[in-house]
Every structure is written in C-alpha cells, then in structure tokens.
Amino acid sequence: MAAEIKNPFQGTGGRRIVERGIERSLLISGTVAVIVVFFIILYLFRDAYPAFRNIGLGKILTGMKWNPAGEPPSYGAYPLIVGTVLVTLGAMAFSIPLGIGSAIFISEISPSRLKTGFKFLTELLSGIPSVVYGFFGLVIMTNWLRIAFDQPTGESWLAGSILLGIMALPTIISVSEDAISSVPTDYKEASLAVGATRWQTIRRVVVPSALSGITAAIILGMGRAIGETMAVMMVTGNAAILPEPIMNVFSPIRTITGTLGIEMGEVAAGSSHYHALFALAVILFIIVLLVNSSALFILMKLSERFRPSGKKSLFQIPKIVAPLLKKVLWGAVALLVVYYAYVRGGTRGGLEAVVLLAFSLALLTFLARKSSPRQGQKIVFSAISGSMAVVMVLLGVILYYIVVKGIPAISWDFLTQPPRDLGRAGGIFPAIMGTLYLIGGAMLIAIPPGVGAGIYLSEYAREGKITRLIRAGIDNLNGTPSIVFGLFGFAFLVLYLDLGISLLAGMITLGFMVLPTIVRTTEEAVKSVPQSMREASLAVGATKWQTIRRVVVPPAAPGVITGVILSVGRAAGETAPIIFTAVVFSQRFLPHSPMEPVMALPYHLFVLTTSVPDSLHNAYGTALVLLIVVLMIYAAATVIRLRYRRTVRR
Amino acid sequence: MNKDITRDGKANGSSQSVITTQDVNLWYGATHALLDITMEIKTNNVTALIGPSGCGKSTLIRVFDRMNDIIDGCRIEGKVYFRGKNIYDPDVDVIEIRKRIGMIFQKPNPFPMSVYDNVAYGPKVHGITARSHLDEIVEKSLRLAALWNEVEDRLDQSAIGLSGGQQQRLCIARALAVEPEVILMDEPTSALDPIATAKIEDLITDLRKQYTVVIVTHNMQQAARISDFTGFMYLGKLIEFGRTVQIFERPGQELTENYITGRFG
C-alpha cells in the first residue's frame, strides 16, 4: 500500500538542515560550557595535587598551625576550616529567622501595592558589592562593635558573621519569597474556606508547600556566606587561630577564603606554598560541594514527597521532621543557656544577645500558641513584620553612610581624572572604565555559550545520567566561591597561558564565573514555559526550533534577562576573581589592548580602604560610584525586562 | 449494515478512510499502554474514542499526529497510515503530518499573545508573512470556529482574557488556520461548562462537513450525540469499534455494554 505512493510527507530538505544546524550549534555551546566547568575543577585539583602528595591530606586537614612563612613552613588548615564554619554558622543564626520572616512578610502580609517596593529594596541589598560591605564593615561597623562591647578591636568573628548574614539575607529572602508566592492560590483558598486564620494557613499550608524552596534558599545563602572573600577578609582580623574559648565571638578569626585572598597575590608560582593554597581551594570547593549536594539531595527527596500526584500525602514531611527539628532546636537553646549561665558565669557581651533572642522567640511561640488563634496571629504577624523592619533598617544604615559620606567626594574631576597621590587625590576615571571593560568582555564571553547551553539542556538534552552529571557539575560551579575562579584564572590564564595580569584574563575569569548562573537561569526560565504551549505549537506543524523561538523563548525571556542581569551586577562588584588576574592599583591611562592590566572600582576601593591611610574621603566616593554603577546596571536591565514583559503580554 | 463493520474496526462502508492503524503497540518505558490497535478513521466523519480513565484513548489520539514523539521513553510499534503513507516511516517529516492533522487539547492552551497572533501563529510558522493574507486566514478561521462575532473588535487583546469556552474555540481556530484535513480533539470540553460545551459540540457537528474529526471523550452522551463512529477502549485495547448507533444500541461485547450502561467506569 505504502510502497506505490510517493511519500507526500517528506518535508523540505532546507528545513531539516536548519533544524539540525541549530541543534548542533546549541549542542556545541552546551559542550563549551560543560568543558569549562569540568576543566576548572580538574585544573584546581591538578595544582593542588603536589601539596596533597608532599604534605599529606591528613596533615593539612588536622594541622593546627598555618604558617607558610615559618621555618620550616607549616600548612595546617584546621584553624581556617573552623574559622570558615564558625563565621558561616554565626551568619546563619540571624539571617535565617530574619530572612524567612521577611519572605513571609513580603509574600503573605505586606499590602500588595508595597510588595514590589520591598522586593526592590531586598534586591538592592543584593546589589551592594561585597567589597562595599567590607568597606562599611571595616570603617563603620567594627568601630561600633568595639565601643558597644568594650573590646580592644571590632575586627572579629562577630563582625564577619554580621556582615555575612546581611549579605546572605537577599538570597534567602528572594528565593524563599519566590517559593512561598508560587504556592497555588487553590491551597490557600481551601484552607481559608474551612475557617483557618491567615497565620494558620501560612503555617500549615503555605510554608509546608514551600518548604523545599525555603530549604534551597537557606542553602544558597549559606553557600554565599561560605564562599565570600572580600567582606570577610576585611573585618575578621585574619588571625589564623581558634577562638579561645571556642564560643568567643570577639576573637579574630581567619577563613579559608580570607587566606586565599591575602596570600595568593604574593606567592611564588610553583612553590610549596602555592600548591598548599590550591589545596585550600580544593578543600573549600569540596565543603561547598558537600553543602550543595546535601541540599540538592534534601530538595530531591522533598519534591518527591511533595508532588501532589505522589501517593504520599502532601504534608507528610513536616509531620515527621518538625517534632524532631523542634527537639533539636530546643535542646540547642537549652544547652546554650546552661553553658552561659553556669560555665561562663555570665561574662559580658556576645552570645548572651543570641540567647536572649532565641529566648524571646521561644516566648513568642509559646504566647502565640496559648492565645486564641486571632491573638496568636497578631503576635506572630508583628514578629514577622519586625524582621522585615530590621532588614530595612540594615539596608538604610549602610546606604546612609555610603551615600551621605560619598556625595561630598564626587565631583566632575573625580569622575574624569586619573588618581594621584596613591588615590588620596585625583579621580577614578580609569577604574570606572576598567570595570565597564571587564564586565562587557565577560558578558560577551559568557552569554552565547551560557544561553545556548541553557536552551539545549532544557529543550534538546535527553534526561539521563549524562545530563544529570552535567547539571550537577554546573550547579556545583554555580555555588563555587568566586575566589576559586580567581585562583583558576591566575594559575591557568595568567601563568600557564601567559596572558599575564591583563584585561583579557580578567574578562575570561569573570565570564567563567557567571557562566553557570546564566546556564541554569536560562534553563529554568525556559523550562517553566508550560508543556501545553509547546504541544500547541507543534500541533500546528511548527518545527522544534520555530516552537522554541516563537513560543518558548518569548515568555522565558524576562527570566533569562534577569539571570543575565544578576550576573552582570555580580561581575561588576566582584573583586576576588580579578584581584590576581586583571587589576593594578594605579594606572594613569586606559589600557590600549586587552593584554594590558586595568584598574577596577572594587579593587581600588579595597586597596584604598586597607592599604592607603588618610584616603577615606576618596574611598567613600569610590564606594558610592561603584554602588551607583552596579545599581544602574540592575535598573537598566529591570527596565528592559519590564518593557519586554509588557510587549509580550500586550 | 450489521455486516459492514467488524469488531476490529475494519469498515467496508462507502466513504474513504483517512487514517488506518495496523497492530499499533505503544510503551511508556516499561508500561504497555496500547495493545494491538487496528482501526480506521473515515473521512468527513466524527469518530469518538470512549473508555474509562487510563484506558489509553488519549495516548491513541496522540499516536495519530505523533505527539507522543515528545515524551521521553515512549516507544511505538506497528503502522499508522495517513493517506496511505505510514507516518512512522523514517522518511516522514513529522512537521508535515502535524500541519495536516491538527490537535485540540484537554485544557484550552492559548499562547499568551493576542487573539490575532494566536490564530496567525500557524500560518506564520509556515511562512505566510503578508498581512492581508494573514488577516484573511484569521477571519476565516475564527468564523469557522464560531468565534469571530465575539472577538472581532478585540483581536489585539490578550487571549488570556477570553472565557474558557472562547479560549477553546480560539484553539480550534488556531488549529484550523493551517488548514488541516483531520482534527484530533483530546477531551476538548472537559474543562468547560455545559453552555460552552454545547457550543463546541455544535461546532464539531459543523466541522465534519469539511474535516475529519477524532474526539476523545469522557462523556458517553457526548459521543452518542456528535459522533458517527465510536471506539470503546479498555486497558490499552480497542475492545469494540463501529457505528455509534450500533455501539450504543447493540454493543457486540459484554464489556462495552457494561461500560455504556454505567456498570463501571
């Protein structure tokens, strides 16, 4: 029957070639992204290997002394690892309650016309570059801490934790808020319809449904805190010691990232110190990897059980975990109270405040439970609103100092002149241009393979072991601390490829750093387009590429653009990746070729703050300009995004 | 009349068949979802597929325009002839198939674009760019879908603002705009209220003059009201296939009778 008839459905050869060509080129960009990911990981291990071989992994992990300048040098990373853990825990102790409270406030309590405002302000908090946080911390906050707690210095574990906590807040708030807001209205209506209060609905329906997203938010915030370099390095005092006693929050402390940031610039390539630093980077990488993978694992388990189509009930998890979690929490609080009441005999300052906070929280929960649902709601809602207020005050204080003290420094000459007298006088024009060059180049390098790989992963790649491996690799690189990219750039681009400290090396390093973010946000945005849209398009005979281009990409574009914007902002404010690859402190002229080094705003601010006495006036000016540059990028991109959305929705 | 349709769906009636399947088997991973389906779809008729949830009727209808291609782990064996050509042959371009066999989904799925752009989408992806030509197609399709009068003055507004029934008719217009020969409908009224359902049913009755319609439905009365042929499916098998009148009045199988009379399902 079929044999006699000429095939009427052959299609045109041209269309097939186009389709195949597009799939190939997307595959290639995906491959590039993946190769970059694995290459960075491999390269780190390669340069760390001699240290593991010569010193031994055990000695590095358990050695109590980090003294590379000693005779003989000792490379014990234990104090650094403990330092990293302590600073992160301290940061989480207050950013988790504040962050989740604020997220609930924005999505469930805030009047809807104020919602955008709060979200914008939270995003503003994440737009502040880490070096600006460090600047604020060093110049303002450590002083406050020193005076308030009557300590010899404010540069301490506590200062690092506060700063990191603030920096983790926007991540925790915005990711949790997304998760909470995306709980279907049906659930809420169903709960309210049976007479539950708003708080009951939030606690029993909304938060449990959003739990996986909230967990992800916390982990992401934690990842950010662990990997942060500049801010931590500037306020923790950097003494490679264990706090004495271990809970002494006023002790100076040194993190792994801080060590890398301080020592990498001065190390002789190929020396045992050099390899030891790479070993540290590998340890840092593995810590972050463990944190991320455990989070991913929890998320996976959660989402399995939470899927409404699953056999298990929707809210089973909290029922199992919540009592356990409660017991652990109460146990921890009780232990702390006992410890402070009896062992330390009520010494001044510090953790007492934390204990007090935990205590008042507990009291609040108790009150809320004992009172009627309505009163309970009032109490809880005021606590939640309070956490939002705290976040806003933190933002206000930081912005106030930067803006009020920065404005007097800014003048036409400041913006258009090169620096003089080690940056105490003159302007910052080469630094502004250098930053723009760096991010421009980084985007040119990262966007094509990043977006291509994202689309490929979502639309073409078959789900299987390899795709999962690729996604895991990209995810892990996504959470990788920026200083690790800096190390890679230094070792591979600057030394091995002999690019030297140059604009090009900086662009590539920054480009690699933002690549995973672009891949994953593109993939997520593209994936979130409902399958029914694709089916509708395919059903009228559109090709796969036509479907992607006309139906899938337009609604996903705002999401993709958001991802790109976030990475541009991040790249503009980053110091750690360019500190060893691209920047010099002072240069009178703009670079003539990509092979020359440049100045950059974040690095300029860093050096002024830490190494040039009496340059505070210009440091404030630089901080303000950097802040404005970053915020302008966000603003411009937000405008593009909104306009795009409007034309698509019509 | 009794003799011209046998149980396996081979009809010897006067009208020509447009789609013929031969021993179609389909697996989702390890799940055997369709078993040895052999049937014929007649030109300019409405063919209904009925059966309890999970019986494979939606899977079967998606076999006809290869929509199952986009599901990972889906494997199909057997032959599906459309106009005499097996559409699963390697030299067949699935795009051509979907152009000539349109599909309407269970939930209305208009794109988040204007009414006009929704209908013009198909012609545009198939290379029609002249505005006047598109205008013509859009109007014609919307008229065919009995929606023109309701949306005439809001063509440039978002399709998301239409009611559910209007959205579904818009989806039908979108399918008609590429001038298919067959329209597959996968429970097109299950998300709609009775009034909107009635409108769609009227529309289907009109459409059969020009098109061949295959409809999956949950609603037996609907099948009885609008279809010329009915297939009853159960656990991935086509239990019985024949003229609707015969299936509903003198079912040949006990299983069919039990289902139709509401003893299960």
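Every chain is numbered from 1 and lettered A, B, ... according to where its sequence line falls, protein lines coming before strand lines. Predicted, not measured: the structure shown is a model, and the values here were computed from it.
Listed options B:M103, B:M67, B:R66 were ranked by heavy-atom pairs under 4.5 angstrom with chain A; first place goes to B:M67. When B:I101, B:L184, B:V125 are compared by the number of non-hydrogen pairs under 4.5 Å with chain A, B:V125 comes out ahead.
Under 3.5 Å, the side chains of B:S58 and B:D186 contain a donor-acceptor pair of N or O atoms. In summary, the side chains of A:T543 and A:Q546 do present a donor paired with an acceptor at a separation below 3.5 Å, with no hydrogens or angles considered. B:S17 and B:Y81 share no donor-acceptor pair across their side chains, judged by distance under 3.5 Å alone.
The parts of B:K124 that come within reach of chain A are both its backbone and its side chain, each placing non-hydrogen atoms under 4.5 angstrom from that chain. If you measure heavy-atom distances from B:I104 to chain A, you find no contacts under 4.5 Å at all. Residue B:V92 touches chain A through both its backbone and its side chain, counting heavy-atom pairs closer than 4.5 Å. Of the atoms belonging to B:P110, it is backbone heavy atoms, and not side-chain ones, that fall under 4.5 Å from chain A.
Using a 4.5 Å cut-off between non-hydrogen atoms, the part of residues 523-542 of chain A that approaches chain B consists of A:Q531, A:S532, A:M533, A:E535, A:A536, A:S537, A:L538, A:A539, A:V540, A:G541, A:A542. Residues of residues 451-459 of chain A never come within less than 4.5 angstrom of chain B, heavy atom to heavy atom.
To the nearest 0.5 Å, the span separating CZ on B:R75 from OG1 on B:T31 amounts to 11.5 Å. Note that the OG1 atom of A:T31 and the CG atom of A:L27 stand 4.0 Å from one another [nearest 0.5 Å].
Salt bridge annotation for A:R24-A:E19: absent, with no cationic side-chain nitrogen under 4.0 angstrom from a carboxylate oxygen. A salt bridge links B:E150 and B:R169; the closest N-O separation between the charged side-chain nitrogens and carboxylate oxygens is under 4.0 Å. Of the charged side-chain nitrogens involved, none lies within less than 4.0 Å of a carboxylate oxygen, so that B:D93 and B:K99 do not count as a salt-bridged pair. For the pair B:E139 and B:R143, the salt-bridge criterion is met [side-chain N within less than 4.0 Å of a carboxylate O].
Relative to the ring axis of A:F120, A:K115 does not place its NZ or CZ within 45° and under 6.0 Å from the centre. Figure legend: B:R174 and B:Y121 shown without cation-pi pairing, the cationic atom not lying both under 6.0 angstrom from the six-membered ring centre and within 45 degrees of its axis.
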Practice problem: Decide yes or no on salt bridge (Lys or Arg N to Asp or Glu O under 4.0 Å) for B:R100 and B:E179, but give the supporting numbers first. | Solution: CA-CA 7 Å; B:R100 294 174 63 173; B:E179 299 182 342; over 6 Å; no

